[in-house]
Amino acid sequence: MLLGSHVSNNGVKMLLGSVEEAISYGANCFMIYTGAPQNTFRKNVNQMNIDKMHAALKEANISLEHIIVHCPYIVNLAQQDTEKFSFAVDFLTKEVIMTTAIGAKIMVLHPGAHVGSGSEAGVKRIAEGINYIIQNTYDSDVIIAIETMAGKGTECGRTFQEIKAIIDMVEDKSRIGVCLDTCHINDAGYDLVNNYDGVFKEFDDVIGFDYLKVIHVNDSKNPLSSHKDRHENIGFGTIGFETLSKVIYDERFASIPKILETPYVTSPISKDLVYPPYKHEIAMIKAKTFDENLKELIVFDYEN
Ligand code: FE
Ligand code: FE
Ligand code: ZN
């Protein structure tokens with residue numbers, strides 16, 4: 001089973017710190033941003049500590065194939081504005097170059113929001129942008145995995161059909177894939193709880209499991225079809241522990257990295273004290289039993 005979480009990549013240690021953090025959670029795969037997810041300021045590639053990262057991965061027996069890079073979520077490939085669109089293409093080209101330098105093989109991308117032009121125009125624009133990015137990085141083998149979205153506002157990629165439409169327009173199919181986010185598909189209207197087999201059959205029929213490269217395992221704070229996108233800790237949301245465990249232990253996804261992006265737990269002492277839930281969530285998933293006191297336990301462990 002490949003199970004890990006989003007980890008940080010900052011300070012002096014950069015990617016070496018990312019590996020150490022993942023190991024401390026008992027993870028065997030993980031996901032990083034190349035810098036802050038909400039902006040496009042990036043450090044130079046030689047400040048990333050890539051050699052030390054590779055040595056640490058080797059020692060921990062974690063494969064580079066199981067390291068995921070996530071693009072910042074503020075770049076929007078779906079818009080018609082020429083200047084903003086070319087900024088997005090340029091920035092994402094640099095992200096592929098960085099991902100290639102890191103040695104990772106999969107880069108997760110939010111498809112973008114059409115901001116009023118309609119989803120068909122948005123989807124076309126996204127594919128156009130991805131084609132440029134792939135052409136700009138023709139000597140890379142990094143796969144761009146487009147993420148299934150909750151359908152907040154004018155977000156594209158809320159249905160499997162929209163994701164498939166993007167894939168269809170991408171010229172080099174060896175460089176395109178999909179990241180399925182359980183919270184997002186729940187919020188988009190795919191009922192994993194009551195129709196688990198049906199949802200994945202639809203995914204396979206419409207897109208095809210061959211394109212599935214990453215799964216983001218998150219519970220949701222909101223009900224089915226809410227189009228909200230607010231993640232909840234495993235077992236504490238509307239999807240629940242049983243269904244999320246089913247995804248994690250599904251034999252068909254055994255070789256696919258499964259990444260937790262669940263929220264940090266806030267201390268009752270102060271809302272400025274927050275703790276990563278990943279070590280405890282991974283342990284709980286491995287134990288196969290939901291612990292309703294998990295959040296209290298996380299706070300206790302970090303404060304004692
Ligand atoms: Fe994402
Ligand atoms: Fe996600
Ligand atoms: Zn999300």
Side-chain angles (χ1 to χ4, degrees), residues 2-9 18 27 29-40 66-78 88 91-92 95-96 99 104 106-113 126 129-130 142-160 162-163 166 176-190 192 199 203 207 211-234 236-239 243-244 247-248 253 256-264 276-278 281:
L2 286 168
L3 182 60
S5 72
H6 145 75
V7 294
S8 49
N9 169 30
S18 308
C29 60
F30 61 85
M31 183 173 80
I32 45 154
Y33 287 85
T34 61
Q38 65 277 16
N39 69 46
T40 53
H66 302 147
I67 309 305
I68 315 296
V69 172
H70 196 307
C71 299
Y73 40 74
I74 50 141
V75 290
N76 184 9
L77 268 188
F91 180 79
L92 293 171
E95 284 282 279
V96 174
T99 303
I106 300 160
M107 188 180 94
V108 172
L109 172 68
H110 289 191
I126 294 159
I130 291 173
V142 167
I143 294 173
I144 298 172
I146 36 183
E147 184 161 350
T148 58
M149 300 311 287
K152 214 173 20 166
T154 65
E155 256 172 12
C156 296
R158 71 199 277 179
T159 64
F160 298 160
E162 276 184 19
I163 301 275
I166 298 168
I176 189 80
V178 177
C179 167
L180 181 139
D181 186 310
T182 56
C183 167
H184 297 179
I185 66 167
N186 173 79
D187 291 13
Y190 290 100
L192 280 173
V199 169
F203 184 94
I207 299 171
Y211 284 108
L212 184 58
K213 304 297 174 189
V214 190
I215 299 178
H216 285 169
V217 184
N218 302 306
D219 215 326
S220 174
K221 284 193 196 291
N222 291 288
L224 187 71
S225 307
S226 57
H227 304 298
K228 285 282 207 292
D229 187 6
R230 291 192 62 215
H231 302 185
E232 178 55 283
N233 293 100
I234 303 299
F236 291 88
T238 56
I239 306 174
T243 301
L244 293 171
V247 176
I248 293 163
F253 314 138
I256 294 172
K258 285 164 286 282
I259 305 292
L260 306 168
E261 303 174 295
T262 46
Y264 276 36
Y278 308 120
E281 284 181 331

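Numbering of ligands and ligand atoms starts at 1, following listing order. For this chain, numbers begin at 1 and follow the sequence in order.
For the pair OE1 of E261 and OE2 of E147, the angle whose vertex sits at the Fe ion (ligand 2) is 170° to 10 degrees. Between ND1 of H216 and OD2 of D181, the angle at the Fe ion (ligand 2) works out to 110°, rounded to 10 degrees. The Fe ion (ligand 1) is the vertex of the angle joining NE2 of H110 and NE2 of H70, which measures 90° to the nearest 10°.
In plain terms, the two heavy atoms of H184 and T148 that are nearest each other are ND1-O, 2.9 Å. Taking every heavy atom of both residues into account, N218 and T182 meet most closely at O-OG1, 2.7 Å. Smallest separation of non-hydrogen atoms from M149 and C156: CG-O, 3.4 Å.
For the Zn ion (ligand 3), the nearest N, O or S atom contributed by D229 is named OD1.
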Would you sort out whether L109 and E95 count as a side chain to side chain contact (heavy atoms under 4.5 Å, CB included), showing the intermediate values? CA-CA 10 Å; L109 172 68; E95 284 282 279; over 6 Å; no

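Metal site remark for the Zn ion (ligand 3): H231 contributes an N, O or S atom at a distance under 2.8 Å. Among the atoms of H184, no N, O or S atom falls under 2.8 Å of the Fe ion (ligand 1). At a cut-off of 2.8 Å, C183 is not counted among the residues with an N, O or S atom near the Zn ion (ligand 3).
Between the side chains of H231 and D229, a donor-acceptor pair is found at a separation under 3.5 Å.
Taking 4.5 Å as the limit, some side-chain heavy atom of P263 sits within range of a side-chain heavy atom of N233.
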